[in-house]
Amino acid sequence: MGVSMAEPWYPWGEVHPSSVIRSARGSTLYGRCVALGVTGSAAVYRSLDLARELMRLGAVVRVVMTEAAARLVSPSLFEWATGLPAVTGIGGGVEHVSLARACSGVVVAPATLDTLAEIASLRAGDAVSALAQEALGLGKPLLLVPAMHLGMWRRASRLVEALERDGAYVLRPRIEGEQAKYPDTVLAAWWVEALLARGRDLSGLRVLVTAGPTLEYIDQVRVVTNPSSGLMGVSLALEAAWRGARVRLVHGPLRCCQWSGWRGYLDSVAAVETTEEMLAAVEAAARGVDMAFYAAAVADYRPRRRLAGKAPTVSGPLVLELEPTPKVAAAAVRLEPGALHVGFAAEPLTGEELVAKAREKLGRYGFDAVAANSTVEPGSGFASETNHVYLVDKWGHVQEMKGHKRLVARSLLDAAARLYAKKREG
């Protein structure tokens, strides 16, 4: 999806070449302006990538820089990245006011200790803090991405509490060694997108998610498993966390999600291998949850006995006797009957046959809803970044969802929030 020459963001009457990346990864921010405040942290160069990621989600990005940031990275480089000139000071154009009014939200990334202190103390000594104050005063979302040395971050904790009380959102940094580092830019962009699209609408909810495959060992090196990457479940977990939920994730061996530090944004993470291990972890995590999503592709069968060592490959056929594995989701449903339970069904079916299978599973396990996807439809199911899901609920509704798994996760959580309220009403 390109950029219209009629859009007011392009004052020269022509489209900058950087516009070709807009909406390359989705259009959820299309038609929205995001003001990106950049301050003088050594991590400032990461905001070039963040600006581009936001553009790939459809946003127009307007950059505002402090003088310290402009000494570290040239404003021309941000103009190259976004196609629009960077604002580097408070002048007669009062851009901090016009951008706060025109944009859907303000993101300050990286946010230094000085900038956090300036905003928290209601000061507006530079273009970025003035932009932030104007946005808060207008009721616009203010999103802060701190990056600094670890000692400074420890000192910043009281500032963060004050800023959050004032309505700002803060994405915690990734702690490595003595650094409180800028989060992975893909995760930061996703966080911004989720908050601008939904806000913290899931605050106060406790959510359990399972993800990935389980492994059942034939011998010490061979396993029975499936091609699940875990992306659907991890997408649900992170999307719920961005929107304010306290998330517990139980996952098998993942083939997705190479982002740095993503587990730190969840309340708890349990990594398991076998179905028995997943059962134990889920039974521990399920207590007290409000919603549960069973996106893990749990192995339905396991070898009745595990062979010692490694079975030789030269002795002819190997005959395995398989037995059913425990039903993880069914155990969790029994433990927390008051929670909303959403099962998943991956089937080699499409259309009405797939929906019928979901209805069957709905009744068999006592779920409140089942999200069914095809394993034979291109761009759906295992090892794909996209999915095509039919959500069937016990109240008789069927909802179709299609797109990147990040966005399918958003739609599933939207639906689950409505169903949870319905279930609580009785």
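The basis for the numbers below is simple: all heavy atoms, side chains too, and nothing from hydrogens, waters or symmetry mates.
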Worksheet item: For E336 and R287, what are the C-alpha separation, side-chain angles and deciding distance, and is it a salt bridge (Lys or Arg N to Asp or Glu O under 4.0 Å)?
Response: CA-CA 6 Å; E336 282 294 337; R287 299 182 188 279; over 6 Å; no

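- Between C103 and K140, the shortest heavy-atom contact is O-NZ, 2.8 Å.
- Checked by atom type, the side-chain pair T28/E193 shows a donor-acceptor distance below 3.5 Å.
- With S228 contributing its side chain and A297 its backbone, the two residues share no donor-acceptor pair below 3.5 Å.
- E277 contributes a side-chain N or O that, together with a main-chain N or O of E273, makes up a donor-acceptor pair within less than 3.5 Å.
- The pair R25-E53 meets the salt-bridge criterion, with a side-chain N (NZ, NE, NH1 or NH2) lying under 4.0 Å from an Asp/Glu carboxylate O.
- With hydrogens and angles disregarded, no donor-acceptor distance shorter than 3.5 Å links the side chain of K361 to the backbone of V370.
- A salt bridge links D219 to R222: at least one charged side-chain nitrogen sits closer than 4.0 Å to a carboxylate oxygen.
- Between the side chains of T275 and E216, at least one donor-acceptor pair of N or O atoms lies under 3.5 Å.
- Remark: R364 CZ is packed, more than 12 non-hydrogen atoms of other residues, nucleotides or ligands lying under 6.0 Å away.
- Using a 4.5 Å heavy-atom cutoff, the side chains of L238 and W259 are in contact.
- The backbone N or O of A117 sits less than 3.5 Å from a side-chain atom of S121, completing a donor-acceptor pair.
- F367 is not listed as a side-chain neighbour of V342, based on a closest heavy-atom distance of 4.5 Å or more.
- Taking each heavy atom of R46 and D184 in turn, the nearest pair found is NH2-CA, 3.7 Å.
- A parallel orientation is assigned to the rings of H341 and Y294, their planes being inclined by less than 30° (bins at 30° and 60°).
- When all heavy atoms are compared, the tightest approach of A358 to V392 is CB-CG2, 3.8 Å.
- Classification of R172 and E164 as a salt-bridged pair holds, one side-chain N sitting under 4.0 Å from a carboxylate O.
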Practice prompt. Would you check, one step at a time, whether the test salt bridge (Lys or Arg N to Asp or Glu O under 4.0 Å) holds for D114 with R123?
Written response: CA-CA 11 Å; D114 269 358; R123 293 164 54 197; over 6 Å; no

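- By the 4.0 Å N-to-carboxylate-O rule, R174 lies close enough to E176 to be salt-bridged with it.
- By the 4.5 Å heavy-atom criterion applied to side chains, S47 and P110 are counted as neighbours.
- Remark: side-chain polar atoms of T325 are paired, donor with acceptor, to backbone N or O of D300 under 3.5 angstrom.
- Counting all heavy atoms, side chain and backbone alike, G212 lies closest to L254 at CA-CD2, 4.2 Å.
- Counting heavy-atom neighbours within 6.0 Å of R200 CZ, excluding the residue itself, gives a total above 12.
- Residues N387 and S380 have side chains that bring a donor and an acceptor to within less than 3.5 angstrom of each other.
- Side-chain contact annotation: E377 with H388, donor-acceptor N/O pair under 3.5 Å present.
- Using modelled atom types and a 3.5 Å distance limit, the side chains of S41 and Y182 yield no donor-acceptor pair.
- Side-chain atoms of W153 and Q179 include no donor-acceptor pair closer than 3.5 Å.
- Aromatic rings from Y265 and W191 are positioned such that their centres are separated by 6.0 Å or more.
- Taking the side chain as every heavy atom from C-beta outward, V106 and L99 never approach each other to under 4.5 Å.
- By the 4.5 Å heavy-atom criterion applied to side chains, F78 and V38 are counted as neighbours.
- Taking the charged nitrogens against the carboxylate oxygens, K357 and E353 have no contact shorter than 4.0 Å, which rules out a salt bridge.
- In this structure, K405 contributes its side chain and S384 its backbone to a donor-acceptor pair below 3.5 Å.
- A salt bridge links D267 to R246: at least one charged side-chain nitrogen sits closer than 4.0 Å to a carboxylate oxygen.
- The environment of E385 atom CD is sparse: at most 12 non-hydrogen atoms of other residues, nucleotides or ligands sit within 6.0 angstrom.
- Listed for the H404 side chain is a donor-acceptor partner under 3.5 Å among the backbone atoms of R406.
- Of the possible polar contacts, none joining the R206 side chain to the A245 backbone as a donor-acceptor pair under 3.5 Å is found.
- Within 6.0 Å of the CD atom in E323, the count of heavy atoms belonging to other residues, nucleotides or ligands exceeds 12.
- With respect to the salt-bridge test (charged N to carboxylate O, under 4.0 angstrom), the residues R302 and E276 qualify.
- Between A332 and A286, the shortest heavy-atom distance links the atoms CB-CB, 4.2 Å.
- The minimum heavy-atom distance linking V333 with G366 is given by the pair CG1-O, 3.8 Å.
- No more than 12 heavy atoms of other residues, nucleotides or ligands lie within 6.0 Å of CZ in R155, so this atom counts as exposed by the packing criterion.
- Residues V223 and I218 have side chains not in contact (no heavy-atom distance under 4.5 Å, counting atoms from C-beta outward).
- Side-chain contact between L322 and P303 is present, with at least one heavy-atom pair separated by less than 4.5 Å.
- Separating the NE2 atom in H251 from the OG1 atom in T214 is a distance of 13.5 Å, to the nearest 0.5 Å.
- Between D290 and K423, none of the side-chain N atoms (NZ, or NE/NH1/NH2) sits under 4.0 Å from a carboxylate O, so this pair counts as no salt bridge.
- The number of heavy-atom neighbours closer than 6.0 Å to CD of E178, taken from other residues, nucleotides and ligands shown, is 12 or below.
- Distance check, rounded to the nearest 0.5 Å: CH2 of W262 to SG of C257 gives 5.5 Å.
- Residues V209 and V207 are in side-chain contact: their nearest non-hydrogen atoms beyond the backbone lie under 4.5 Å apart.
- Seen from the ring of Y420, K422 does not count as a face-on cation partner, given the 6.0 Å and 45° thresholds.
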